[in-house]
Structure formats: C-alpha cells, structure tokens
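First up is the structure itself, then whatever we jot down about it.
Please read these numbers as outputs of a predicted model, since none were measured by experiment. To find a chain, count down the sequence lines: A is the first, B the second, and so on, and within it residues start at 1.
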There are 2 protein chains.
Amino acid sequence: MDGRNDIAPRPRTRIQRKNSRAILDAALEVFSQYGFRGATLDQIAEVAGLSKPNLLYYFPSKEAIHVTLLAGLLDTWLAPLRAIDPAGEPVEEILGYVRRKLELSRDYPRESRLFANEVLQGAPRISGLIQGELRDLVTETAALIRGWVAAGRLAPVDPHHLIFSIWATTQHYADFDVQVRGILRQSPARTHQGALDFLCHLYSAALAPGGPGLAPPFDH
Amino acid sequence: MDGRNDIAPRPRTRIQRKNSRAILDAALEVFSQYGFRGATLDQIAEVAGLSKPNLLYYFPSKEAIHVTLLAGLLDTWLAPLRAIDPAGEPVEEILGYVRRKLELSRDYPRESRLFANEVLQGAPRISGLIQGELRDLVTETAALIRGWVAAGRLAPVDPHHLIFSIWATTQHYADFDVQVRGILRQSPARTHQGALDFLCHLYSAALAPGGPGLAPPFDH
DNA sequence: CATTTGTCTGACCAGTCGGTCAGCTTCCAC
DNA sequence: GTGGAAGCTGACCGACTGGTCAGACAAATG
C-alpha cells in the first residue's frame, strides 16, 4: 500500500528502482535549471514521463526529492578531494585535483549547478552537511597542505583559500556555462582544454616551492 | 493617473524617487536570496514597507523590477574592468583589478548573488547583455592582455581564462559566502584579507613575465 | 480463478501567486 | 480652499502550486 516513502532505504523491486532513478534524474535536470522554488512537480513529472501523483508515490514530498539529490551528490563531489594522495608529489597532487574537479564540471554540470543554487540561496537544506562532512574533509586537507608547506615542498599559501580558489575556478565552467559560452564562442571541448592549460599554469606557478612570492605580497 | 510604469525614464518627484529606490533595494534583497521565481511580490512589498498594489503602481510587473535591477547592475559590475589602465604596469593593473573585484564582492554581495542566480539559470533575461556589452568589453580587455603578453611584459596566458578565473575566485566569496563562512569560521574582514593575500600571490606568481612556466605545462 | 499486494491515475483541494480595479487619501498649484 | 492630479489600498480574480484520495489497474500468489 505504502510506496517507498522513506528517504534512506533504497528501492527493492525493478520498477521501483527504474522509476526512482527516472524521478531523480528528471529532478536533477529541473532543479539545477530553476532552483528549488522555481521548479515544479509537474515539470519534473513531465520530464520523468510519470504523473504527478506517481512522483508522490515514490517520494513523500518535493523537498524529499531535493534532499535525496543533494545527499547523494556530496560523495561524488568530494571524491576528487579524497583522492589526493598525502604520499604523492605536492604540486602534482594539487594539479591532479584541479584536473579531476574540472572534469567533474564538464561531465556533471547539472550536479554542480544544483549545488551552486542551493549554496547561493543560503544552503537552507544542507547547512548541516557543509559544517559537518564537508568542513571536516577540508580541515583535513588543509592540514595536509600546511604540512607540505612546512616541509618546503610547496610555496607558502593559505590552504583554505587555495581550496576555495580551485573550487571557484573549476566550478565556474559548469555554473556560469552560459556566460562562458556567450563570451568564448568555441566548442566545449576546446574551452575545457584551454581552462585546463590555464589552471595548470596558474597553480604550478603559484605553488612551486622557492618561487618568486615567498613573502606576503601585501602588508596588512 | 499612471505611475512611472516605463522602465527607462527615471522618476521625477521626490516620492517617486524615494519609493522606487525602496522597491529596488528590497527587490535586490529578496531576488538575490531566493532567485526570480523563488521571490514573491508580497515579500518584496513587505521588505520595502509598501503594499503590493503600490509596488505595481511604480513597476508594471515583477519581471520589470528584476530587469531594472539587472540593467542597473552591469555598469557597477564592469567598472573595475574598465578601470584597467592600458598604460600601467601589466601585473600591477591586473592585481589592482583583482583587488577591486574582491572589494565589490565584499561590499555588494547581493548584487553578485543576483547576477549569479540569473546566469546560473541560463540568463534568460540578460543573454543580450552578456553577448553584447559584456562580451565586447571582455574582448577588448583580452586584446589588451594579449598585447602585454606579446610585449613580454606578462607571462603567456590565455586572457579569457585569466579573466574567468578572476571573476570566479573573487565572486566566490560573495556567491558562496555561506559555504566559506561554514568552513572558515572567522570574521568577514579577516577572510577578505586572507583572500586578497592569497589571490595576489596566486596571480603575481603566475603572471610575472619570464617566470617558471613559459611553455604550456601540458601537451594537448 | 480469486485474493492480495504493489503500481498508478483523474479529480480534486486549500493555499499562494502575479496582477487588476474601483475608489480612497494626500498633495500641491492656483 | 478647492480642484485635479498623484499616491495609495482593500478586495478581488484566475492561474498555478504542492499535495491528497478513492479507486482503477497490474502482477504476483494461492
């Protein structure tokens, strides 16, 4: 009688799996484009090829769909950060992180925009995740980077702002895609390669140990 | 009888000026927080301290308020780019641009978020501005930077991706403020200074002519 | 075949949305 | 002060929103 109305447990039957997937995919498409309040269940239902009541048979509410999406997203999104190898060569590890993050922006722009939409509007539904899981992982990585700096294997930079800048520069190509394509009229593949080249130059120049900018450039 | 229902001409009387300003300020507050579809006229009216019909006495529709905001915003937003002096020292000019853009993010975060919201959702109302005024100015600035590179006064970088990265890194502190503050728990002033220090290091290292990365770092 | 269980839908509901309108009040030039 | 324009509002409208519900349909189970 009651459909899979809980958020946590995964669907069991074939039909449940198929329809849940269709709903989440359609919801990702619509939410990422219009934001939570801008999206409607009718839109999602139409994209998913289901009726609106049928959506609400699989998910208890609009918000439940949204939360399910966000929760499932964070792992994918943080994977590149986890993949940084503490035993690797510092500059190469960070450049690899940039490359993976940029590929994520290219291959999963909807996920990036969904997340951006949520954070832009104050992250009312995921502030817990940000101050929990996300923050912990960043703190960890920041400590790793600080260790590399202390060992003289990396130019002295603030690890947090380094991470922020990598997030910003890579996600920019997904979140502001319309702007990028409106200014830079070229194939997405070419834009991606250009971005990769530039960012590698940017970060390798700034992170190479013993580089030009050892002292803080501006006094404060 | 008819209020100032057109978009272009500025209000004349004192009351018109005062209320128009109050409406636009309230709309900026609400639109930037909830996006266009997420915001309601009732919310804007309440923030502005006016009744909803009175809002529509000054502006013909919700969309007119939004468009008015966006149009008035672009000039402010592009001012730092226009302020780049072709006769100045290249690296200093770009660092100055970064500084001004970062100050804009600190002082006008609502404007940044409004713009981000719009672009994120496909810029349905300002695609003309992006492909027109914005694109022209960027093309111009890109040519200037390319000239600096050719003269050997700047490391060889792609000017477009350089501009994109500056936009991304600076606006990140306004658009993703919730995330930044959720991770980096410190005063906004301290965060601003840290960001400025980091970004100056980042760009001065990468842009200094004759630096480490003259050849493209990755083959393609 | 009958029963049960899971899947699905048309019709509907209460609340909210952007926007209208008739008419009220306030202001100001004369 | 008075007439007319400017400024303002409560009440209202049709459209749309998220969500409900009784019951139809489908599929497994006996």
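Proximity of A:Asn19 to the phosphate of C:dC8: a side-chain N or O atom is located under 4.0 Å from OP1 or OP2. A sub-4.0 Å separation between OP1 or OP2 of C:dC8 and a side-chain N or O of A:Tyr58 is present. In this model, the phosphate group of D:dC8 is not approached by any side-chain N or O of B:Tyr57 to a distance below 4.0 Å at OP1 or OP2. In this model, the phosphate group of C:dT7 is approached by a side-chain N or O of A:Gln16 to a distance below 4.0 Å at OP1 or OP2.
Side chain A:Lys62 to base D:dG19: no donor-acceptor pair is found below 3.5 Å.
Although no hydrogens or angles enter the test, the distance criterion places no donor-acceptor pair under 3.5 Å between the side chain of A:Ser32 and the main chain of A:Arg113.
Listed nucleotides D:dT17, C:dC17, D:dA11 differ in distance to A:Thr40; the shortest reach to its side chain belongs to D:dT17.
Within the 4.0 angstrom heavy-atom criterion, only backbone atoms of the sugar-phosphate kind lie near A:Ala39; the bases stay farther away.
Nearest-nucleotide positions on DNA chain D for B:Leu50 and A:Glu63 put B:Leu50 closer to the 5' end. DNA chain C is contacted by both B:Asp42 and B:Arg14; B:Asp42 maps to the nucleotide lying nearer its 5′ end (nearest heavy atom per residue). Between A:Asn54 and B:Ile15, the one whose closest nucleotide on DNA chain C sits nearer the 5' end is A:Asn54.
Residues B:Thr191 and B:Gln186 have side chains that bring a donor and an acceptor to within less than 3.5 angstrom of each other. Side-chain contact of A:Tyr173 with A:Ser112: a donor-acceptor pair under 3.5 Å is absent, judged by distance alone.
Put simply, NZ on A:Lys52 is 8 Å from P on D:dT17, counting in whole angstrom units. We find that CG of B:Leu41 is positioned 16 Å from C1' of D:dT9, with the value rounded to whole Å. Atom CG in B:Leu55 sits about 14 Å away from atom C1' in D:dG7, given to the nearest Å. If you take CZ of B:Phe36 and P of C:dG18, they are 8 Å apart, rounded to a whole angstrom. Here C:dT16 presents its C1' atom at 12 Å from CD of B:Gln43, a figure rounded to the nearest Å. Counting to the nearest Å, the P atom of D:dA27 and the NZ atom of A:Lys18 are 11 Å from each other.
For B:Arg185, the CZ atom counts as densely surrounded, since its 6.0 Å shell holds more than 12 non-hydrogen atoms of other residues, nucleotides or ligands.
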